[in-house]
Q: 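Structure below; questions to follow.
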Amino acid sequence: MNLSHLDRDVANIALEGRGTRLAFLRESGFVPWPDAMTYIAECERRINDEAVFGPPHLLLSAPPLCGVGSVLREIERRGALGSGRKRRAVIVDGLLTFSEARLTHLISVVLEAAGGRPRSSIEGEQQALRAIRDAGTRLLLVRKVDQLPDKQIKQLVRYLHALSVRGDFHLGLTSSTPDVRVLAGDADLAARTRVFEFKAWPQALWVVEVVEAALRRYPLRQASPVTPELMTVLFGPTRGLPGGVFGMLKAAAAHAIESGAEHITADTLRAAEPPFSSIVTRRQAKGTGS
């Protein structure tokens, strides 16, 4: 069986049964794309460098379906590489109330990620700060801070900034809104934060290269040529948002495995039910009504 269209490790998986291949597809690795790699490089500087020149914190602004979750997981994975079980980068997922951002909660997340003490053993901020230093954390990735009310957002971000100074770690905040209101009203914090923004992909040459790289990560037994028709169908419902593009490709790959087609075509993309279809439908309906 010729599997030269796949990366070497994926080719081995393609020889396995349907269940193994579908499981690998769900958990398959990060596919690099330019903006994501630029952001990851900045995060890695803060994870690995003792001294960071320029703003110590990062704010990533990106609308839904821009692949923020997979990018943060890749940063956390890279931060876990090395000796021991320490986690130099830790994700704290969406916060619903300011109380969830209190240091004792944040540190408990860090410690559990590092295989350390249970959260019930943390008493007070001083002990928690010592714990986060002992866990080796250099970058705390706090996701979707913009879902709090404006007043709580400002309170949260100032609180985290103050703690980062005392605990000697940097912040990587994410916002699902295209503005940077999480920094509004705090000029000092704004000056200490570098802002990134993920946007929809242009239909340019490098996008084709990224799609081809993604296809090499899906354990299909036949090659999937990237034709103009496939790109047109792919970029229609996803609007070029990277998380949407990868989600649609994975859904099509799963369909190809389950149906026995073993490769992705424009028709496969049309037949697959992407996991984000309801979100896209709502976004399209909202855009039509405005």
Side-chain angles (χ1 to χ4, degrees), residues 25-40 42-43 58-77 91-96 141-148 172-182 195-204 206-215 217-218 224 226 229-256 264 266 268-290:
L25 183 62
R26 288 191 296 270
E27 302 165 1
S28 60
F30 171 75
V31 178
W33 45 280
D35 287 352
M37 295 309 298
T38 301
Y39 179 69
I40 288 173
E42 285 296 328
C43 287
L58 300 171
L59 171 65
L60 174 59
S61 174
L65 302 182
C66 270
V68 172
S70 61
V71 170
L72 295 187
R73 286 191 296 273
E74 175 65 8
I75 293 167
E76 188 177 51
R77 184 191 70 82
I91 301 171
V92 178
D93 222 326
L95 304 167
L96 296 176
L141 300 160
V142 184
R143 208 178 162 202
K144 296 182 180 178
V145 295
D146 58 302
Q147 67 184 13
L148 294 171
L173 309 174
T174 78
S175 169
S176 58
T177 57
D179 56 46
V180 290
R181 65 192 179 99
V182 297
V195 179
F196 282 82
E197 186 175 358
F198 284 175
K199 300 179 181 179
W201 285 345
Q203 293 195 37
W206 65 263
V207 177
V208 175
E209 293 175 350
V210 171
V211 171
E212 289 175 338
L215 292 172
R217 302 299 306 166
Y218 304 152
S224 303
V226 181
E229 183 186 10
L230 183 143
M231 291 295 288
T232 299
V233 175
L234 182 60
F235 272 69
T238 65
R239 299 188 177 184
L241 294 171
V245 169
F246 290 134
M248 191 169 186
L249 283 172
K250 279 195 173 186
H255 183 272
I264 296 175
T268 314
L269 289 173
R270 295 187 185 99
E273 178 67 23
F276 57 87
S277 57
S278 60
I279 301 175
V280 173
T281 301
R282 288 197 299 271
R283 285 169 56 87
Q284 290 174 336
K286 185 176 179 180
T288 303
S290 60

Q: Which atom pair, heavy atoms only, marks the closest approach of Tyr39 to Gly172?
A: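 What the structure gives for the nearest pair is OH-CA, 4.3 Å.
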Q: Indicate yes or no for a side-chain donor-acceptor contact from Glu229 to the backbone of Ala266 under 3.5 Å, with no hydrogens or angles considered.
A: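 Looks like no, no N/O pair under 3.5 Å.
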Q: Atom CZ of Arg217 and atom CG of Leu249: how far apart are they, to the nearest 0.5 Å?
A: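 That separation rounds to 14.0 Å.
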Q: Answer yes or no: is there a side-chain heavy-atom contact under 4.5 Å between Arg239 and Leu65?
A: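 No. Closest side-chain heavy atoms not under 4.5 Å.
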Q: Quick test of your reading of the model: are Arg73 and Glu76 salt-bridged, counting only N-O distances below 4.0 Å?
A: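 Salt bridge: no.
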Q: Compare every heavy atom of Ala36 with every heavy atom of Val71, then report the nearest pair and how far apart it is.
A: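 Closest approach of Val71 to Ala36, heavy atoms only: CG2-CB, 3.8 Å.
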Q: Does Gly244 offer a backbone N or O that forms a donor-acceptor pair with the side chain of Thr238 under 3.5 Å?
A: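 Checking the backbone N and O of Gly244 against the side chain of Thr238, no donor-acceptor pair under 3.5 Å is found.
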Q: Show the nearest heavy-atom pair for residues Trp201 and Trp206, with the distance to one decimal.
A: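 The pair with the smallest heavy-atom distance is CD1-CH2, 3.4 Å.
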Q: So, the side chain of Thr174 versus the backbone of Lys144: is there a donor-acceptor pair under 3.5 Å, distance only?
A: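 Here the side-chain-to-backbone pair exists.
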Q: Taking only residues two or more places apart in sequence or in another chain, which ones pass side chain to side chain donor-acceptor pair (under 3.5 Å) with Asp146?
A: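 Ser176.
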Q: For the SG atom of Cys66 and the CZ atom of Phe246, what is their distance to the nearest 0.5 Å?
A: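 These two atoms lie 11.5 Å from each other.
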Q: How long is the straight-line distance from CG of Leu60 back to CZ of Arg143, given to the nearest 0.5 Å?
A: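 Here the interatomic distance stands at 10.0 Å.
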Q: Is there side-chain contact between Phe30 and Met37, with at least one heavy-atom pair below 4.5 Å?
A: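 Yes, side chains in contact.
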Q: Any side-chain heavy atom of Pro32 within less than 4.5 Å of one from Glu74?
A: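 No; the side chains remain at least 4.5 Å from each other.
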Q: Quick one: closest heavy-atom pair of Cys43 and Ile75, and the distance?
A: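 So the minimum-distance heavy-atom pair works out to SG-CD1, 3.5 Å.
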Q: Do you know which two heavy atoms are closest between Pro202 and Val207, and how far apart they sit?
A: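 Heavy atoms only, the tightest pair is O-CG2, 2.7 Å.
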Q: Drop me the distance from Leu72's CG to Leu141's CG, to the nearest 0.5 angstrom.
A: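 Answer rounded to 0.5 Å: 5.5 Å.
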Q: Listed by chain and number, what are the ring pair (Phe, Tyr, Trp, His ring centres under 6.0 Å) partners of Phe198, not counting sequence neighbours?
A: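 Expected list: Trp33.
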Q: Just how far is it from atom CD1 of Ile264 to atom NZ of Lys250, taken to the nearest 0.5 Å?
A: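 The CD1 atom of Ile264 sits 11.5 Å away from the NZ atom of Lys250.
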Q: Minimum heavy-atom separation for Leu269 and Val233, please, with both atom names.
A: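 Looking at all heavy atoms of both residues, the closest pair is CB-CG1, 3.8 Å.
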